[in-house]
Protein chains: 2
Amino acid sequence: MTSDDAKPPRPSGRPATIDPDAVAGLALDLFAEHGYENTSMEDIAKAAGIGRKSLYRYFTSKADLVWGGTEPVIEASTRAFDSFHSPGKSDGGVLAGLREATIAGVAVIPDLAVTRGRLRLIAEHPELTSRSYESLAPQREKALAFLVESGLTDSAARFVSAAYLAVTFEAWLQWAAGSEPDPTPYLLAALEVLNVPLNKAGVSQWKH
Amino acid sequence: MTSDDAKPPRPSGRPATIDPDAVAGLALDLFAEHGYENTSMEDIAKAAGIGRKSLYRYFTSKADLVWGGTEPVIEASTRAFDSFHSPGKSDGGVLAGLREATIAGVAVIPDLAVTRGRLRLIAEHPELTSRSYESLAPQREKALAFLVESGLTDSAARFVSAAYLAVTFEAWLQWAAGSEPDPTPYLLAALEVLNVPLNKAGVSQWKH
DNA sequence: TTACATAATGACACAGAGTGTCATAAGCTG
DNA sequence: CAGCTTATGACACTCTGTGTCATTATGTAA
């Protein structure tokens with residue numbers, strides 16, 4: 001469901017010989033071994049046996065090597081958003097939609113161990129952490145559209161989608177920092193912030 | 001209260017001749033005139049009549065020229081957080097604290113027109129928008145400490161502070177995109193997201 | 001005034017990211 | 001085989017960000 005269906009155009013021309021996934025994996029290994037900033041694009045290209053320019057053709061930036069692989073997740077979330085059209089239940093439906101889309105995204109990830117490695121690398125480097133805003137932009141737009149579709153004001157929808165993205169990203173970081181196999185509990189706990197009003201907060205998220 | 005009190009150390013040595021604020025203002029002018037990416041650090045240094053290296057001594061990065069001037073705001077917020085120690089009202093106090101800190105930050109900004117210009121530049125350039133995560137990191141830590149102090153779990157506090165930062169930043173962007181003089185209404189509306197549960201959302205943020 | 005300490009300044013050099021151009025190689029189709 | 005399409009990489013370039021180091025300007029102490 002991720003990439004095996006629809007190999008649409010085999011028009012003509014020379015087929016690619018470079019496997020982006022393999023290169024990204026190789027880059028992650030180098031990052032793990034020598035550190036992110038100590039590994040240049042040249043090093044990665046050399047290790048992959050390709051030219052630096054070819055590397056840039058597949059990954060527009062060094063950060064892209066780490067932040068890649070987001071598309072399938074976002075696509076899955078989008079499908080969940082789209083199949084959530086429910087004119088009847090405008091009550092409670094919004095948060096449920098966000099929850100379903102989030103879970104749907106998790107289900108698509110092929111190897112959570114790899115994702116954890118990537119997230120740990122991201123967490124260690126402010127440069128990469130910042131990139132979340134850009135890398136999650138498509139997701140933010142999808143959520144925004146869903147929220148507007150659900151009846152929220154454009155302004156309110158922007159606030160909620162901003163909070164949604166920030167909170168789920170934080171959940172991913174918390175999960176990556178630990179050793180729990182399943183990120184779902186973190187994500188659901190994060191979404192609770194959008195549910196429970198702070199001034200009537202449920203007992204569960206309070207210490208005392 | 002911003003920079004006129006406590007000129008503490010005049011130990012010795014040559015005093016600075018460069019005025020960082022003036023340089024930043026000059027840079028913003030150049031960005032407005034020729035575009036952000038078309039203006040190199042060399043151009044800015046030349047226009048300011050200083051060396052490129054001296055420019056880097058005052059601004060660690062090009063983005064810093066735009067994202068500067070955040071310290072006073074964060075300091076004001078921090079003071080508001082600190083003076084909010086209220087052991088009695090653990091109900092409704094958390095959100096009120098976030099509100100007060102936010103407003104306190106606004107009050108400190110010397111020229112909102114300049115801030116609007118900076119934010120518009122930030123909004124136009126993903127590279128600069130992303131920087132929010134780094135630039136607002138101190139603010140996030142302060143909010144986190146306040147929330148933990150208020151009794152929230154560490155995990156929950158991280159979720160809430162992430163949402164708080166994302167939502168207020170989005171408010172600033174919305175304000176900057178428009179022409180309203182006062183950002184306060186945007187900020188308060190943003191904070192409502194943390195107050196009103198989505199499944200019982202108040203009428204005000206719904207279209208229909 | 002002279003000596004000294006301190007700190008700002010900028011000249012020079014450098015690694016690395018990211019981009020553009022262009023010639024070449026490799027596969028597919030007729 | 002001929003021709004088309006596309007991948008590939010060699011080369012050159014700009015700009016960011018950093019490090020080193022000599023120089024200059026200022027304030028303080030003798």
Side-chain angles (χ1 to χ4, degrees), chain A residues 7-24 26-28 30-31 33-68 121-122 125-131 134-135, chain B residues 7-24 26-28 30-31 33-68 121-122 125-131 134-135:
Chain A
K7 297 217 174 185
R10 179 57 54 114
S12 72
R14 172 181 176 181
T17 62
I18 295 177
D19 177 11
D21 289 340
V23 174
L26 198 155
L28 290 175
L30 291 178
F31 292 154
E33 190 174 357
H34 305 108
Y36 180 70
E37 52 284 338
N38 299 327
T39 308
S40 71
M41 291 297 265
E42 180 106 37
D43 294 336
I44 298 165
K46 201 164 295 178
I50 63 177
R52 200 170 66 96
K53 195 60 209 288
S54 295
L55 180 56
Y56 270 108
R57 211 186 318 278
Y58 286 92
F59 301 92
T60 59
S61 71
K62 195 176 173 182
D64 200 30
L65 283 161
V66 184
W67 266 105
L121 198 58
I122 288 169
H125 299 272
E127 172 193 352
L128 291 173
T129 317
S130 280
R131 200 92 180 186
E134 281 178 69
S135 298
Chain B
K7 297 220 176 186
R10 180 56 56 114
S12 72
R14 173 181 175 181
T17 63
I18 294 177
D19 177 10
D21 290 339
V23 175
L26 199 154
L28 291 175
L30 290 178
F31 292 155
E33 190 173 357
H34 305 108
Y36 179 71
E37 53 283 337
N38 299 326
T39 308
S40 72
M41 291 298 265
E42 180 106 38
D43 295 335
I44 298 165
K46 201 165 295 178
I50 62 177
R52 199 171 66 99
K53 194 61 210 285
S54 296
L55 179 56
Y56 269 106
R57 195 169 297 110
Y58 286 93
F59 301 91
T60 57
S61 71
K62 195 175 173 182
D64 200 30
L65 283 161
V66 183
W67 266 104
L121 198 58
I122 288 169
H125 299 272
E127 172 192 350
L128 291 173
T129 318
S130 281
R131 199 92 180 184
E134 281 177 70
S135 298

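The chains referred to below are lettered A, B, ... by the order of the sequence lines, with proteins before strands, and numbering in each begins at 1.
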- Query: To the nearest angstrom, how far is A/E42 atom CD from C/dG18 atom P?
  - Reply: 14 Å

- From CD1 of B/I44 across to C1' of D/dC15 the rounded distance in Å is 12 Å

- Item | Given D/dT16, C/dG10, D/dG9, the nucleotide with the shortest approach to the side chain of B/K53 | C/dG10

- Which of the following nucleotides, D/dG17, C/dG10, D/dT8, is nearest to the side chain of B/S54? C/dG10

- Quickly work out the A/D64 CG to C/dT19 P distance and round it to whole Å. 11 Å

- Note on the structure: Rounded to whole Å, CG of B/L55 lies from C1' of C/dG10 at a distance of 12 Å

- Item | Side-chain heavy atoms of A/L65 within contact of A/M41, under 4.5 Å | yes

- Side chain of A/Y58: nearest nucleotide among C/dT9, D/dC15, D/dT8? D/dT8

- Query: Is there a side-chain contact between A/F59 and A/V23, using heavy atoms and a 4.5 Å cut-off?
  - Reply: yes

- Message: Without decimals, in angstroms, what is the distance between A/R57 CZ and D/dG9 C1'?
- Response: 8 Å

- Message: Side chains of B/Y58 and B/I50, heavy atoms from C-beta outward: is any pair under 4.5 Å?
- Response: no

- Note on the structure: Side-chain contact check for B/S61: nearest option of D/dG17, D/dC15, C/dG18 is D/dG17

- What is the nucleic acid contact for A/F59, judged by heavy atoms within less than 4.0 Å: base, sugar-phosphate only, or nothing? nothing

- Task: Determine yes or no for a side-chain-to-main-chain donor-acceptor pair under 3.5 angstrom, with B/N38 supplying the side chain and B/H34 the backbone.
- Result: yes

- Is the shortest side-chain N/O distance from A/T17 to OP1 or OP2 of C/dA26 below 4.0 Å? no

- Query: So, is B/K62 close to the D/dT16 phosphate, meaning a side-chain N or O under 4.0 Å from OP1 or OP2?
  - Reply: yes

- Note on the structure: Checking C/dA17, C/dT9, D/dC15 against the side chain of B/S40 (C-beta onward), the nearest is D/dC15

- Query: Starting at OH of A/Y36 and ending at P of C/dG16, how long is that distance when rounded to a whole Å?
  - Reply: 14 Å

- Note on the structure: Heavy-atom closest pair (A/Y36 atom, A/K62 atom, distance to 0.1 Å) is O-NZ, 2.9 Å

- Residue met sooner reading DNA chain D from 5', once A/G49 and A/R52 are mapped to nucleotides: A/G49

- Atom CG of A/L128 and atom P of C/dA17: how far apart are they, to the nearest Å? 12 Å

- Candidates C/dA17, C/dT9, D/dT16 - which lies nearest the side chain of B/Y56: D/dT16

- Message: If I take atom CD in residue A/E37 and atom P in nucleotide D/dT18, what distance separates them, rounded to the nearest angstrom?
- Response: 12 Å

